[in-house]
2 protein chains.
Amino acid sequence: MTKKAKSNPVRRRPQQRRARQTVDAVLDAAVRLMKREGFGSLTTNRIAEVAGVSIGSVYQYFPDKRAIFIALHERHVEQIDRIIGATLIEHAAASLDTLIHAIVEAMVDAHKGDPELYELLMHEVPHRADGTADFATRLHGAFRLALSSRGGELKNGRDLDRRAFIVTHMVESLCHGAVLRRPSGLSLREATEEVVRAVLAYLRE
Amino acid sequence: MTKKAKSNPVRRRPQQRRARQTVDAVLDAAVRLMKREGFGSLTTNRIAEVAGVSIGSVYQYFPDKRAIFIALHERHVEQIDRIIGATLIEHAAASLDTLIHAIVEAMVDAHKGDPELYELLMHEVPHRADGTADFATRLHGAFRLALSSRGGELKNGRDLDRRAFIVTHMVESLCHGAVLRRPSGLSLREATEEVVRAVLAYLRE
DNA sequence: AGAATATATGTAGATTTGCTCATATATTGA
DNA sequence: TCAATATATGAGCAAATCTACATATATTCT
């Protein structure tokens with residue numbers, strides 16, 4: 001398995017188009033393999049093979065196997081980031097009700113397309129070790145902003161942080177839950193609506 | 001890394017006390033090593049060494065390295081299960097308010113003692129692959145029961161499932177968040193109280 | 001006490017995996 | 001055109017996982 005943090009092996013960053021294609025091919029191959037054979041039997045050589053590149057190319061852009069997983073998470077977080085950002089802008093002037101509604105629906109939509117992948121990302125693929133920029137942290141800022149321009153009774157920053165903290169975790173966890181863990185007999189639409197209700201109940205409390 | 005599902009290597013299950021001690025020693029050693037040197041540099045030989053048992057003993061109870069991780073998760077889930085169960089019994093006759101309060105505080109208490117471990121379990125140690133009995137699924141039943149004997153307006157099972165689904169994910173995610181991801185400037189006590197407020201706001205909605 | 005069973009040891013090695021490196025090819029820029 | 005730079009290759013090494021197994025000790029049962 002992974003060695004003990006060898007002397008900082010700096011890797012090349014892709015700058016030409018084919019390099020970026022190589023990187024993408026590696027990430028896509030990793031996903032395809034995980035879905036097909038499970039996370040446990042993922043090997044770097046096999047990833048390279050399925051990606052159609054040589055093992056050497058993989059290690060030009062990823063310092064180690066872990067880095068592939070981190071990149072997978074980053075790719076996902078960036079996608080969600082874009083979706084949330086767009087939703088915030090689109091509903092900049094809307095009420096809190098419709099904003100929350102829009103964000104929750106956007107989150108659910110973003111995940112329902114490929115639930116298998118997000119299940120893997122959530123429960124199998126190890127997250128990054130250093131504490132930088134996990135998903136909740138990045139959502140927090142967005143919600144803080146959205147709440148600050150709306151909540152009349154939220155006077156100071158501490159209140160804002162408190163509210164944003166709860167809302168962030170509710171949205172993240174409940175949207176994932178609605179897609180991946182909702183009880184049988186509860187449709188995705190019903191679950192989504194209930195998530196919205198829960199968040200708004202808290203914000204109106 | 002793990003092989004491709006070799007011919008079902010059935011392992012011994014501990015029945016004597018010293019066997020259980022061996023198993024525990026292995027799990028404890030894995031945790032100690034992860035904290036000390038990170039998940040990435042965990043090796044089975046080193047685990048055996050730190051546990052004070054031979055590598056042969058390790059493989060008598062764990063079919064492969066992954067099984068050690070799975071056992072780590074199971075151990076944690078069982079601990080939380082016991083705590084939740086005890087809290088439910090202790091407050092069987094209490095109001096919904098005090099029950100939720102008690103459960104949230106119990107969850108936070110259970111995690112605040114060793115946040116480093118739970119951070120590892122959440123983000124580094126891969127979860128089990130088969131979908132059996134994850135934490136949320138098990139909490140769901142408990143909350144369903146607790147709500148059924150209290151919520152006056154919850155008529156049928158669908159409503160119950162809906163409510164229990166939301167509450168389960170809120171409690172799990174927000175308690176973890178309060179311990180591991182609360183914004184600086186928000187004390188653990190404040191965060192915990194806010195979690196309770198959020199859950200109750202939803203249940204009273 | 002003595003047989004049956006469960007547990008522990010640890011070396012030797014086969015197999016697998018992560019990752020390196022010397023070398024070759026493609027692209028860019030002047 | 002041709003040097004400089006970026007990208008791609010893949011055999012092979014070091015290290016890890018996991019097995020096999022002969023041996024020794026501890027526990028349980030009658």
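Lettering follows sequence order; numbering is per chain, from 1.
- Using a 4.0 Å cut-off between a side-chain N of Lys or Arg and a carboxylate O of Asp or Glu, B:E172 and B:R138 do not qualify as a salt bridge.
- Across C:dT28, D:dC18, D:dT9, the shortest atom-to-atom separation from the side chain of A:Q16 is found for C:dT28.
- Here A:Y59 does not reach the OP1 or OP2 of C:dT20: none of its side-chain N or O atoms lies under 4.0 Å away.
- Heavy-atom distances to DNA chain C give each of B:Q15 and B:I55 a nearest nucleotide, and the one nearer the 5′ end belongs to B:Q15.
- Within the 4.0 angstrom heavy-atom criterion, only backbone atoms of the sugar-phosphate kind lie near B:T44; the bases stay farther away.
- One atom, CG of B:D64, and another, C1' of C:dT15, lie 15 Å apart when rounded to the nearest Å.
- DNA chain D is contacted by both B:G56 and B:R18; B:G56 maps to the nucleotide lying nearer its 5′ end (nearest heavy atom per residue).
- Atom CG of B:N45 and atom P of C:dT11 are 11 Å apart (whole Å).
- No engagement by A:F62 is indicated, since no non-hydrogen atom pair under 4.0 Å with the nucleic acid exists.
- For B:R20 (side chain) and B:Q15 (main-chain N/O), a donor-acceptor pair under 3.5 Å exists by modelled atom type.
- Below 30°, between 30° and 60°, or above 60°: for A:H73 and A:H127 the angle between ring planes is between 30° and 60°, a tilted geometry.
- Taking five base pairs at each end of the helix from C:dA1-D:dT30 to C:dA30-D:dT1, the local helix axes there meet at an angle of 30°, rounded to 10°.
- Residue contacts shown for A:V58 are absent, as no nucleic acid heavy atom lies under 4.0 Å away.
- Comparing D:dA8, C:dT9, C:dG18 by their nearest atom to the side chain of A:T43 picks out C:dG18.
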